[in-house]
Amino acid sequence: DSVFVKGFAYENWKQGFTHSIPFNTNIKIGFFTLTPGINYNGYFYFDETQKQLDTSYFDTTKNMWVDKITSRQKHGFYQAHTYNTAATLSTQIYGLFKIHLFGIEAIRQVITPSISGVLSPDFANEKHGYWETLYDTQHARKVLDYSHFTNGIFGGPGQGKQGTMNFNIGNTLEMKINNRKDTINPTRKIKLLDYSSLSAGYNFLADSFNLSTIRGSISTSLFNKININSGFQIDPYYYDKTLKRRVNTLDFEQRKQLG
């Protein structure tokens with residue numbers, strides 16, 4: 001038991017609390033549903049990350065002066081709060097294709113398009129106290145932006161203003177077939193596609209990389225016993241292999257292809 005206890009150190013523990021409070025309502029406007037809302041998130045921790053910059057550190061392995069950043073956890077009680085306003089407009093489009101072939105009566109499709117907008121301030125702004133910037137005052141340069149909640153188990157406030165417009169298209173597909181063995185229910189439904197979705201977004205307030213990752217997913221089942229789920233995501237921005245990072249140029253402009 002003593003070995004077990006000694007193997008744990010308080011510094012290695014991650015603890016905290018988080019809670020979310022959504023305020024929203026649904027408003028019917030003809031064939032559309034408008035869902036406006038306000039979302040609040042709170043984070044509570046017993047330590048925070050603090051970093052220091054040393055520009056006068058000589059790296060003997062590289063034989064040169066380098067930036068040395070040291071990090072420590074400061075114990076106490078720390079909290080962060082975020083909020084955003086959002087609104088979603090959605091509808092459903094129904095399609096029925098009658099076949100009457102090979103025992104198939106019809107195929108029914110439901111398409112659910114939606115558009116949503118999200119607004120939130122930049123919680124990395126110094127006035128909030130959640131993020132900090134390390135400067136090299138001698139050479140007048142910014143070295144690092146970091147969050148005091150970097151090591152938090154629930155994360156913390158993000159960086160950058162958000163004025164995002166999101167688009168999503170959901171889809172379900174089912175088939176109605178003859179069920180001649182059942183005299184009470186002569187037809188039965190078979191789900192061909194439980195759900196599929198395609199989504200993307202655009203942040204009008206971002207300084208760069210305004211377009212979000214394009215995401216898609218498919219969910220279906222075989223014989224009501226085997227569930228199949230798959231998904232994909234496409235980064236629309238060009239990855240520069242020389243710089244080894246994304247650049248603020250669309251991949252289509254650079255290579256005439258998407259992602």
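No experiment lies behind these values; they were computed from the predicted model shown. Along the sequence shown, residues are numbered consecutively beginning with 1.
- Gln52 and Gln50 form no side-chain donor-acceptor contact under 3.5 Å, judged by distance and modelled atom types alone.
- Here Asn171 contributes atom CG and Thr112 contributes atom OG1; the two are 8.0 Å apart, rounded to the nearest 0.5 Å.
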Validation: residues 85-98 side-chain donor-acceptor distances under 3.5 Å, sequence neighbours left out:
unit_1 : atom_1 : unit_2 : atom_2 : d
Thr91  : OG1    : Phe31  : O      : 2.7
Gln92  : OE1    : Tyr94  : OH     : 2.7

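- Environment of CZ in Phe17: sparse, with no more than 12 heavy atoms of neighbouring residues, nucleotides or ligands closer than 6.0 Å.
- In this view, Arg245 and Leu243, Val247 satisfy the side-chain contact (heavy atoms from CB on, under 4.5 Å) rule, not counting sequence neighbours.
- Cluster membership check: Phe46 does not share its hydrophobic cluster with Tyr78, using side-chain heavy-atom separations under 4.5 Å among Ile, Leu, Val, Met, Phe, Trp and Tyr.
- Checked against ring pair (Phe, Tyr, Trp, His ring centres under 6.0 Å), Tyr83 has the following partners two or more places apart in sequence or in another chain: Phe123.
- For the atom pair Met175 CE and Leu192 CG, the distance stands at 5.0 Å (nearest 0.5 Å).
- The stretch residues 143-172 participates, sequence neighbours left out, in these ring pair (Phe, Tyr, Trp, His ring centres under 6.0 Å) pairs: Tyr45-Phe149, Tyr146-His148.
- Note that the CG atom of Asn248 and the OH atom of Tyr237 stand 5.5 Å from one another [nearest 0.5 Å].
- Atom-to-atom distance recorded for Ile104:CD1 and Ile99:CD1 is 5.5 Å, nearest 0.5 angstrom.
- Taking all atoms of both residues into account, the shortest heavy-atom contact from Gln159 to Ala124 is CG-CB, 3.5 Å.
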Chi angles and distances behind the side chain to side chain donor-acceptor pair (under 3.5 Å) call for Thr35, Asn26: CA-CA 5 Å; Thr35 307; Asn26 292 328; 2.9 Å; yes
Is there a side-chain contact (heavy atoms from CB on, under 4.5 Å) between Asn84 and Gln162 once you walk through the steps? CA-CA 9 Å; Asn84 65 59; Gln162 188 177 13; 5.6 Å; no
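- Taken from OH in Tyr43 to CD1 in Ile153, the straight-line distance is 13.5 Å, to the nearest 0.5 Å.
- Of the candidates Leu211, Thr164, Val118, Asn166, Thr164 is the only one forming a side chain to side chain contact (heavy atoms under 4.5 Å, CB included) with Asn203.
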Taking it one step at a time, do Phe32 and Ile27 satisfy side-chain contact (heavy atoms from CB on, under 4.5 Å)? CA-CA 8 Å; Phe32 297 89; Ile27 303 172; over 6 Å; no
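- Across all their heavy atoms, Lys51 and Leu144 have their closest contact at CD-CD2, 4.1 Å.
- In this view, Asp194 and Lys191, Ser219, Ser221 satisfy the side-chain contact (heavy atoms from CB on, under 4.5 Å) rule, not counting sequence neighbours.
- Tyr130 contributes a side-chain N or O that, together with a main-chain N or O of His81, makes up a donor-acceptor pair within less than 3.5 Å.
- The one candidate from Asp207, Leu119, Leu205 that meets the side chain to side chain contact (heavy atoms under 4.5 Å, CB included) condition with Lys161 is Leu205.
- Just one of Lys189, His100, Lys176 meets the side-chain hydrogen bond (donor to acceptor under 3.5 Å, both in side chains) condition when paired with Glu105; it is His100.
- When the side chains of ILVMFWY residues are joined at heavy-atom separations under 4.5 Å, either directly or via intervening members, Tyr239 and Phe209 end up in two distinct hydrophobic clusters.
- No side-chain donor-acceptor contact under 3.5 Å links Asp251 to the backbone of Tyr238.
- Heavy atoms from other residues, nucleotides or ligands lying under 6.0 Å from NZ of Lys28 number more than 12.
- For Thr49 and Gln73, the side-chain atoms include at least one donor-acceptor pair closer than 3.5 Å.
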Stepwise side-chain contact (heavy atoms from CB on, under 4.5 Å) test for Thr172 and Glu174: CA-CA 7 Å; Thr172 62; Glu174 63 182 19; over 6 Å; no
side-chain contact (heavy atoms from CB on, under 4.5 Å) evaluation trace for Leu53 with Tyr135: CA-CA 8 Å; Leu53 173 65; Tyr135 288 98; over 6 Å; no
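- To the nearest 0.5 Å, atoms CD1 (Ile177) and CD1 (Ile107) are separated by 11.5 Å.
- Residues passing the side-chain contact (heavy atoms from CB on, under 4.5 Å) test with Asn168 are Ser114, Tyr195, Ser197, Ser199, sequence neighbours excluded.
- The cluster map of Ile, Leu, Val, Met, Phe, Trp and Tyr, joined by side-chain heavy atoms under 4.5 Å apart, puts Leu193 and Ile190 in the same cluster.
- Side-chain N/O atoms of Asn41 and Ser20 include a donor and acceptor closer than 3.5 Å.
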